[in-house]
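Here the structure is laid out as structure tokens; the discussion comes afterwards.
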Amino acid sequence: MNAGMKALANDILEQCQKQGLTYSQVWELLTALQIRCSESVSSMQKRMESETIAELKRF
């Protein structure tokens, strides 16, 4: 994980803490994000070019 990704992860965790999420809620959020990314991998791989911005479906 590079410095930019670490900073983003820390920002997300900070927002979870600010909103008072429980460990269970944070786990649910991270699981939902992981599932969303997994669902998008095959379609992104088909369309990906060297610097294409990911197009993820919103919740």
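- For S38, the side chain to side chain contact (heavy atoms under 4.5 Å, CB included) partners two or more places apart in sequence, or in a different chain, are Q34.
- Annotation for L8: hydrophobic cluster partners, listed by chain and number, are I12 (ILVMFWY side-chain heavy atoms under 4.5 Å, direct or chained).
- Checked against salt bridge (Lys or Arg N to Asp or Glu O under 4.0 Å), K18 has the following partners two or more places apart in sequence or in another chain: E14.
- Every residue was checked against the side chain to side chain donor-acceptor pair (under 3.5 Å) condition with Q17, not counting sequence neighbours, and none meets it.
- Partners of T31 according to the side chain to side chain contact (heavy atoms under 4.5 Å, CB included) rule, which considers only residues two or more places apart in sequence or in another chain, are W27, I35.
- Members clustered with M5: M1, by chain and number, using a 4.5 Å side-chain heavy-atom cutoff among hydrophobic residues.
- With sequence neighbours excluded, the residues forming a side chain to side chain contact (heavy atoms under 4.5 Å, CB included) with Q19 are Q15, L21, listed by chain and number.
- Listed by first then second residue, pairs satisfying salt bridge (Lys or Arg N to Asp or Glu O under 4.0 Å) with a partner in residues 24-40 number zero, not counting sequence neighbours.
- Legend: residues meeting side chain to side chain donor-acceptor pair (under 3.5 Å) with S24, ordered by chain and number and at least two apart, are absent.
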